[in-house]
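Working notes, beginning with the structure itself.
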Amino acid sequence: MRAPAPASGSTGSGTGTGTAVASVNITPIFVRLKLSLLRNGLKGSSKRKAAYFGALAFALVIASFTTLGLALLRGNAHAGTVVVLLAAVMALCWTFVPLFFPTGDETLDPSRLVMLPLRPRPLVRALLASSLVGIGPLFTLCLAVGSVIALARGAAGVVAAVLAVPLLLVGCVALARAVATANVRLLTSRKGRDLALLSGLLIAIGAQVANIAGQRLFEVGGLERLEPAEAVVRWLPPATAVGMVDSASEGSYGIAAAQLLITVAALGLLLWFWERSLTKLMVTPDGSTIAAAKEKKKPANGKAGSGWSFLPDDRTGAAIQRALRYIVRDPKTKAAWVSALAVGLIIPVANALQGSGSVYLSCFASGMLGVQMYNQFGQDTSAFWMVAQTISSTRDAYVELRARALALALITVPFTALVAAITAALVNNWAGFPAALGLALAILGSMLCTGALASARFPYSIPTDGAFKNVAPGQGALAWAGIFGGMLASALICSPMIVLAVYFSVADQPSLSWILLPLGVAWGTLATWTGLRLAAPTVARKLPEILLAVSKG
C-alpha cells in the first residue's frame with residue numbers, strides 16, 4: 001500500500017513516512033484510541049456517564065446470571081445442546097447486529113483510515129485487538145466462560161475449554177469486523193442506505209421466529225427436538241469451539257481435534273478475507289455514488305403544497321409535512337417505521353394464527369409506533385438548526401412538538417385501529433375490540449407524552465455517515481436508557497387503564513368493556529397534551545444544548 005508523498009523539505013533517504021509507520025506496532029495505539037473514544041464520548045455530560053455505566057452494570061448483571069445458569073447445566077443431559085446452539089446464536093448476533101442495529105462504534109468503519117499509510121495485516125491485528133474492548137465483548141466472554149463450565153469434564157475437557165473461550169470470542173469479533181468491512185461501501189452509499197428497510201423486516205421477522213421457537217422449547221420434548229440441529233451446528237465454526245469441549249469431555253479426542261482444526265482454519269480464512277477486504281477498500285476508489293450523481297433531478301412542479309392540501313397552511317401544517325417527508329425519504333427514519341409497522345402487525349397476527357392470540361395483543365402496534373416519538377429532534381440531525389431558528393418562545397416549542405405528535409398520530413391511530421380489527425377477526429372476539437382499541441390508544445398517548453419529554457431532556461445525535469449507525473459514539477447507553485425509561489414511565493401513566501381492562505376481563509362483563517374506547521381516547525389525548533405542555537418549556541430553555549447534542553453526528 002502506497003504511503004503519502006514526503007512532505008516538502010524531506011530528505012527522502014529511506015526514512016519515509018510509510019517505513020516509519022510500518023515499523024511501529026500500531027496495536028497498542030488502536031487500543032488506546034478505542035479507550036479514548038469511549039472516554040471522550042462520556043465527557044461533559046453526567047447523563048451520558050450515568051447511562052453508560054448503568055448499561056454496563058445491567059449487562060454485567062445479566063451476564064452474571066446467564067453464566068450462573070449455564071454453569072448450573074453442568075451434568076445435564078441437554079447441556080451440550082443448549083450451549084452449542086447458544087454459541088451459534090452469539091455468532092449470528094455478532095454478524096448482523098453491527099449492521100442492522102443501532103451502534104455507536106466509529107471504529108467499525110475502516111474507510112476512515114484510507115488516507116493513513118497503514119498496511120492491511122498490522123491493521124487487522126490492531127482493529128481486532130481494539131474490537132475486544134467494550135461491553136459486547138465482555139458480555140460474550142461471560143457467556144463463553146459459562147458455556148465451557150457447563151461442558152468441561154476431566155483434564156482433556158479443561159484443556160479444550162481453555163482453548164475454546166478465546167477462539168469463540170475472537171471468532172465472533174472477527175466475523176463482525178469482516179462482514180462490516182466487506183459491506184462498508186454499500187452501507188455508506190446513498191442507494192445502499194435504502195437497505196435499512198431490509199434490516200427492519202429482518203428484525204421484525206426474526207423477533208417473531210425467536211418468539212415462536214421459545215414457545216416450542218417449553219413444550220414436551222422441546223430440547224430433544226433441537227438435538228438434530230445441534231448435531232449439525234457443532235460442526236459449524238465458531239460453534240465448533242464449544243462442540244470441541246463437549247467432544248473432549250466425552251473422550252472423543254479425534255472428533256475434538258477435528259473440531260479444533262476446523263475452528264482454527266475458519267478463523268484463519270476469516271482473517272484472510274478481512275485482510276483482503278481491507279486491501280480492496282483502501283486502494284479502490286469509491287464509486288458508490290457515481291450513478292446517483294449522474295441522475296437528473298426531476299423538475300419541481302412549482303406547487304409547494306402539492307399533495308398536502310389537507311394540512312393547514314401555517315406552521316403546524318409545515319411541520320407535519322416535514323415530518324411525513326422524513327418518513328418517506330430518510331432511510332433511517334424509514335427503516336425505523338418499517339420495523340415498527342412490521343412488528344406491530346406480525347406479533348398479534350402470528351399469535352392469533354397459532355391459536356394463542358388475544359385481541360389485546362394489538363397494543364403491540366401502538367407500543368412499537370409510539371417509540372418513534374422519542375428523540376424527535378435527533379431525527380432532524382444537523383438540519384435541526386433551521387428549525388431551532390424558528391423557536392423563540394415556549395409557544396413556538398409547543399407548536400413544533402404538537403405538529404410532530406400529530407404527524408405521528410396520522411399514521412399510528414389508523415394503523416392501530418386496523419391491527420385491532422384484524423386481530424379481533426382472527427381470534428373471533430369482536431366484543432373485545434372496543435376495549436382493546438381503547439387501551440391501545442391510551443398506550444399510544446402515554447408514549448407520545450413520555451416521548452416528548454425524552455426528546456426535550458435526553459436528545460442524542462444520529463450519525464449521517466452510516467446506514468445502520470443510529471446513535472453517535474458514547475451516546476448508545478443514553479439512547480437505550482431514555483427509551484426504556486420512557487417505556488416504563490408510559491406503563492405507569494397508563495396503569496389505570498390497564499387495571500380497568502384487567503378488571504373487566506376478569507369480571508367477565510363485556511357489556512361494560514366498551515367504555516374503555518372513549519376512556520382510552522380521552523386518556524391518550526390528555527396524556528399527550530400534558531406531555532407536550534411539560535416538554536415545551538424545557539425545549540425553549542435548553543434549545544442551545546439540544547442543538548449541540550443532535551448536531552454531533
Side-chain angles (χ1 to χ4, degrees), residues 45-48 50-51 54 314-316 318-320 322-323 363 366-380 384 387-413 416 438-462 475 478-499 519-550:
S45 175
S46 58
K47 294 177 182 177
R48 294 183 190 176
D314 55 9
R315 178 189 178 120
T316 299
I320 293 176
R322 178 188 353 109
C363 294
S366 58
M368 293 300 302
L369 294 173
V371 176
Q372 308 308 313
M373 186 64 185
Y374 292 83
N375 197 36
Q376 277 293 307
F377 305 128
Q379 295 177 9
D380 294 358
F384 178 66
V387 179
Q389 300 299 316
T390 66
I391 299 177
S392 58
S393 64
T394 300
R395 175 63 183 175
D396 292 336
Y398 171 75
V399 173
E400 177 67 26
L401 285 171
R402 183 185 63 185
R404 292 171 183 259
L406 287 173
L408 193 145
L410 285 176
I411 300 175
T412 56
V413 172
T416 299
L439 181 59
L441 294 177
I443 292 174
L444 176 62
S446 300
M447 297 195 71
L448 292 180
C449 168
T450 57
L453 293 171
S455 298
R457 296 182 178 275
F458 304 103
Y460 57 89
S461 177
I462 300 177
Q475 296 183 338
L478 177 66
W480 284 113
I483 292 174
F484 283 115
M487 293 174 68
L488 290 175
S490 299
L492 291 176
I493 293 173
C494 199
S495 58
M497 290 292 301
I498 297 175
V499 170
L519 280 179
V521 173
W523 192 276
T525 303
L526 179 61
T528 302
W529 178 83
T530 303
L532 297 177
R533 284 294 184 185
L534 293 176
T538 304
V539 172
R541 185 175 66 255
K542 295 186 175 182
L543 190 60
E545 299 177 20
I546 296 174
L547 180 60
L548 179 62
V550 303

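Source: prediction; values computed, not measured. Just the heavy atoms: all of them, side chains too, but no hydrogens, waters or symmetry mates, feed the values below.
- In terms of heavy-atom proximity, Gln372 sits nearest to Met368 at NE2-O, 3.6 Å.
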Determine, step by step, whether Arg315 and Thr390 satisfy the side chain to side chain donor-acceptor pair (under 3.5 Å) criterion, reporting the C-alpha distance in whole Å, the side-chain angles of both residues, the deciding distance to 0.1 Å, and the verdict. CA-CA 10 Å; Arg315 178 189 178 120; Thr390 66; 3.1 Å; yes
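- A distance of 11.0 Å separates CG of Leu401 from CG of Leu534, quoted to the nearest 0.5 Å.
- For the pair Pro459/Phe384, no side-chain contact is recorded, criterion being any heavy-atom separation below 4.5 Å from C-beta on.
- Residue Cys449 comes nearest to Gly531 through the heavy atom pair SG-CA, 3.5 Å, listed as atom of the first residue, atom of the second, then distance.
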In sequence, state the C-alpha distance, the side-chain angles, and the governing distance for Val539 and Tyr398, and then conclude on side chain to side chain contact (heavy atoms under 4.5 Å, CB included). CA-CA 9 Å; Val539 172; Tyr398 171 75; over 6 Å; no
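- The two residues Ala452 and Ala535 make their nearest non-hydrogen contact at O-CB, 3.5 Å.
- The CE atom of Met373 sits 13.5 Å away from the CD1 atom of Ile483 when rounded to the nearest 0.5 Å.
- Considering only heavy atoms from C-beta on, Val387 comes within 4.5 Å of Arg322 through its side chain.
- For the pair Leu444 and Gly370, the tightest heavy-atom approach, listed with the atom from each and the gap, is CD1-CA, 4.1 Å.
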So Ser490 and Thr450, side chain to side chain donor-acceptor pair (under 3.5 Å) or not? Walk me through it. CA-CA 6 Å; Ser490 299; Thr450 57; 2.7 Å; yes
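- Interatomic distance, Leu448 CG to Tyr374 OH, rounded to the nearest 0.5 Å: 9.0 Å.
- Put simply, the side chain of Thr528 gets close to the backbone of Gly445: a donor and an acceptor are under 3.5 Å apart.
- Proximity of Phe377 to Leu547: side-chain heavy atoms (C-beta onward) are nowhere separated by under 4.5 Å.
- Here the shortest heavy-atom pairing between Ala536 and Ala397 reads O-CB, 3.5 Å.
- In this structure, CZ on Arg395 lies 5.5 Å from CZ on Arg402, to the nearest 0.5 angstrom.
- Rounded to the nearest 0.5 angstrom, Glu545 CD and Thr538 OG1 are separated by 10.5 Å.
- Residue Ala456 comes nearest to Ile546 through the heavy atom pair O-CD1, 3.7 Å, listed as atom of the first residue, atom of the second, then distance.
- Remark: the backbone N or O of Ala405 is not paired with any side-chain donor or acceptor of Gln376 at under 3.5 angstrom.
- Surrounding CZ of Arg457 are at most 12 heavy atoms belonging to other residues, nucleotides or ligands under 6.0 Å away.
- Atoms CG and CD1, on Leu369 and Ile443 in that order, are 12.0 Å from each other to the nearest 0.5 Å.
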